[in-house]
Amino acid sequence: MNKIKVGIIGTGNIGTDILMKLKRSSILECGIFAGRNPDSKGIQLAKKMGVPTSTESIRAIEENPDCCEIVFDATSATVHKQNAPILRRLKKFAIDLTPAHVGKMCVPVLNLEDCLLLDNVNLITCGGQATIPIAKVISDVHPETKYIEIVATIASKSAGPGTRNNIDEFTQATRDALSEFTGIEHTKAIIVLNPAEPPITMHNTVYALIDNPNMDEIRRRVREMEAKIKKYVPGYSILLEPSYENGRVTTTLQVVGLGDYLPKYSGNLDIITCAAIEIAEYYAREKLLKRG
Amino acid sequence: MSKIKIFDCTLRDGNHALKHQLTEDNIEDYCLAMDGSGVYTIMVGHGNGLGASSLQVGLALLDERTMLQTAKKNLERTKLGIYMIPGFGTIKDNLEPAIQDGVELFEIGCHCTEADTTREHIEYLCNRGLETYGVLMMYHMASPEKILEEAQKMQSYGAKGVILMDSAGASTPEMVQRVIALLVDNLHVQVGFHPHNNMGLAVGNAYTAVCEGATIIDGTLRGFGAGAGNCQLEDIVAVLEKTGKRTGIDLYKMLDASDQVMPDIMGTEFGQDSISIVSGQAGVFSAFKLHVLNAAKEFGVDPRDIFKELGKRKAVGGQEDMIVEVAEKLSSPMGSRNSNVNYQLESLL
């Protein structure tokens, strides 16, 4: 079967994790792995794997546009804002893994199909990918929910310089997406980095303020959602089922990574890179079908 | 010797002890009593700072703009300050409104090993010419050398000073001596210290920090604050006066405020107790105390065991959701130790 070529810009934790995951894909292959830092571990690894690399970042794609049809941008919010118009001009399908929020926000389990006709989709943040589906389940059962809050805790070692330099956009984008997907105005996102050794697994809590919640229905739908997400993020699991006390519904979940690039505690990489691959594969499959 | 600046965070850290229920009257009374007392800034807000009012760490009674506007109205001679932890608050949702509300001094904090998460915020504020300090929380969890490295990052972002928070009250004077001396020798910006009193050493540790060259002490009237409370400002100012160090504080004015305003604000029983001592020893964030007591009650476990376990797991500020998990685990038949303490605590709550 033919493969669709993809490019990766950004050779940090997220970019490199995507590169590793592409090895498993039957329809995607990496045409260019481009960053800026010649010493990055990702670049060294890509070279060993025989993947074309560049330290010219997006210029590598501008100079050789045929190297890919889909581009994963794993740089930073600021850089993606510069890259987005270039990728549009080159007619690439851009999957943005920074919190730049240039294109439509996508959580594959919720709105994948709405995003495929666009030229730029944004994956919000790892915290958003992990928690928004649960928040959405709750707001679907109870549109009158007064307030939703999420807390994402990730191991310091799994937050690279891109995440750290963008912590403000990260927090804001997660909160904005929470409101957009649930339709609930009052929302809050909290991001915590924990440096404990051995590193902690990505841990998320979703709180919702609701009067008289239908807990059976919420629990049932949360379990359904968990099963759907597991299909593309195998390490996604609910730790504490939705429980109700003092007017608040609390759900706790964790994401264990596949350990492709960083170790398994880095579920924060998997939740967003698996989502990116899911979108890319879906897009690629449609393209291949059209080509017959 | 340069003047020692006293940062007054009674209306911020003290909010922890009130489960963040400070009222407009509290803020107004306090600001009127303390304005012009010589403290360098009066800091106001939720216990964990701007943007922290949440189900995770506790909802504040007042929204933060009301807190800031109320304080601003009643401060003429003292700068209004705030604290913010990136990841809780953002530039758009919290800093921009705070600037509009007339905040003049900003502390931007993070866990002690994560200074690069403060870069955006410190640079944003410094670029606008606003007086900004970096804060490293839970400093006891990293080596002095690592703390220096992180403090140097904050200095490079433009912070006017770096303040270490002994958020767990886990310090001994020797620990304070070593880390403050190292920072003072290697930074060109000011060095500050924010003690907690879990093991009864807050004022002593503040004094040690000053002797090693710290020029900012961040504390509260009556030591009112998270867990066992903070460095009591009346005490440290008296000690500094006695030892000939300049603070510019009108001690009588401060003592009058302490006598006249604080009893109303504090209301509840407050201070060191057996729980906060164990939490200090275990090195766990002081503000976890009320959450731990609640979880201990709910799951029928010894709150001291919860603190010990949180210490082992190296929980950091903001991880309040871990408390319930730990309590649940300890309550399982294997980990259960149903002691009298639960009963005693219930009668306290």
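Because only heavy atoms are used, hydrogens play no part in the values below, and waters and symmetry mates are left out as well, while side chains stay in. Just so we're clear, the structure is a prediction, and the values are computed from it rather than from any experiment.
Atom-to-atom distance recorded for B/E114:CD and A/S156:OG is 3.0 Å, nearest 0.5 angstrom.
A salt bridge does not link A/E226 to A/R223: none of the charged nitrogens lies less than 4.0 Å from a carboxylate oxygen.
For the residue pair A/T145 and A/S139, no side-chain donor N or O sits within less than 3.5 Å of a side-chain acceptor on the partner.
Neither the backbone nor the side chain of A/I150 comes within contact range of chain B; no heavy atom of the residue lies under 4.5 Å from a heavy atom of that chain. Heavy atoms closer than 4.5 Å to chain B are found in both the backbone and the side chain of A/Q172. Contact annotation for A/Y147: only side-chain heavy atoms (C-beta onward) come within less than 4.5 Å of a heavy atom of chain B. Neither the backbone nor the side chain of A/A152 has a heavy atom closer than 4.5 Å to any heavy atom of chain B. Both the backbone and the side chain of A/I190 come within less than 4.5 Å of a heavy atom of chain B.
Below 30°, between 30° and 60°, or above 60°: for B/H16 and B/F285 the angle between ring planes is above 60°, a perpendicular geometry.
Of all the listed residues (A/T250, A/N194, A/T252), the one sharing the greatest number of non-hydrogen pairs under 4.5 Å with chain B is A/N194. Chosen from A/V192, A/I191, A/N165, A/D168, the residue pairing most often with chain B at heavy-atom distances under 4.5 Å is A/D168.
Scanning both residues, A/I124 and A/V107, for their nearest heavy atoms gives CD1-CG2, 3.8 Å.
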